Amino acid sequence: MAYDWLLATRVRIALEGMGGGAEQPMMGALCFLRRGHICCGVTGDRLMVRLGAEAAKAALQGPHVMPLGIGGGRAPKSFVTIAPEAVLDDAQLGAWIARGVAFADGLPEKPQRRK
């Protein structure tokens, strides 16, 4: 799994200021979770954000935003990816992460899985 380690570090720092989150590699990305739900992540050099289907559809109208593509040509409707040039400063990055956090925090908490 190849992803931008610097962007991942910036996401960790931003999430820490929003109450933190767990990390888990999945879907070929480094995902960050809140209450058991993915809120954001890093895939390649792009920020991945979970917004919900309607908000993701609206976000796709903006510049530097693309649907998340996963194996088999599938594109989950709730996720978008943000180009590196759209999250160059911490305020831009934080704004996108906050949107993902708000979505994930609005979902019912997932029970912990036993390993």
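In this chain, residues are counted from 1 in sequence order. Below, all heavy atoms of this structure are taken into account, side chains as well, without hydrogens, waters or symmetry copies. As the structure is a computational prediction, the values presented were derived from the model and not from experiment.
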- Message: Set out, in order, the CA-CA distance, both residues' side-chain angles and the distance that settles side-chain contact (heavy atoms from CB on, under 4.5 Å) for V87 and I97, then state yes or no.
- Response: CA-CA 10 Å; V87 292; I97 293 171; over 6 Å; no
- Message: For L107, is there any backbone N or O sitting under 3.5 Å from a side-chain donor or acceptor partner on R35?
- Response: yes
- Message: Test your reading of the model: is there a side-chain donor-acceptor pair from R34 to the backbone of G100, 3.5 Å cut-off?
- Response: no
- Hey, is CD on E85 packed in by over 12 heavy atoms from elsewhere, all under 6.0 Å? yes
- Task: Please step through side-chain contact (heavy atoms from CB on, under 4.5 Å) for the pair L15 and C40, ending with a clear verdict.
- Result: CA-CA 10 Å; L15 269 177; C40 62; 4.2 Å; yes
- Nearest-0.5 Å distance, OG1 of residue T43 to CG of residue L30: 10.0 Å
- Item | Check: P108 main-chain N/O paired with H37 side-chain donor or acceptor under 3.5 Å | yes
- Note on the structure: Here the gap from L68 atom CG to L51 atom CG, rounded to the nearest 0.5 Å, amounts to 11.0 Å
- Query: Between Q24 and L33, is a side-chain contact (heavy atoms from CB on, under 4.5 Å) present by the stated rule, with each step listed?
  - Reply: CA-CA 8 Å; Q24 186 172 338; L33 297 87; 3.8 Å; yes
- Message: Tell me if a side-chain donor or acceptor on R12 pairs with a main-chain N or O of F32 at a distance below 3.5 Å.
- Response: no
- Y3 and A8: which non-hydrogen atoms are nearest, and at how many Å? CE1-CB, 4.1 Å
- Item | Cluster link V11 to L6, ILVMFWY, side chain under 4.5 Å | no
- Query: What is the distance from atom CG of L47 to atom CG of L7, rounded to the nearest 0.5 Å?
  - Reply: 6.0 Å
- Please test V49 against I82 for side-chain contact (heavy atoms from CB on, under 4.5 Å), starting from the C-alpha separation and ending with a verdict. CA-CA 8 Å; V49 183; I82 317 303; 4.3 Å; yes
- Task: Please answer whether the main-chain N or O of A58 pairs with a side-chain N or O of Q61 as donor and acceptor at a distance below 3.5 Å.
- Result: no
- Item | From SG (C39) to CE (M18), nearest 0.5 Å | 9.0 Å
- Message: What's the separation between atom CE in M48 and atom SG in C31, rounded to the nearest 0.5 Å?
- Response: 3.5 Å
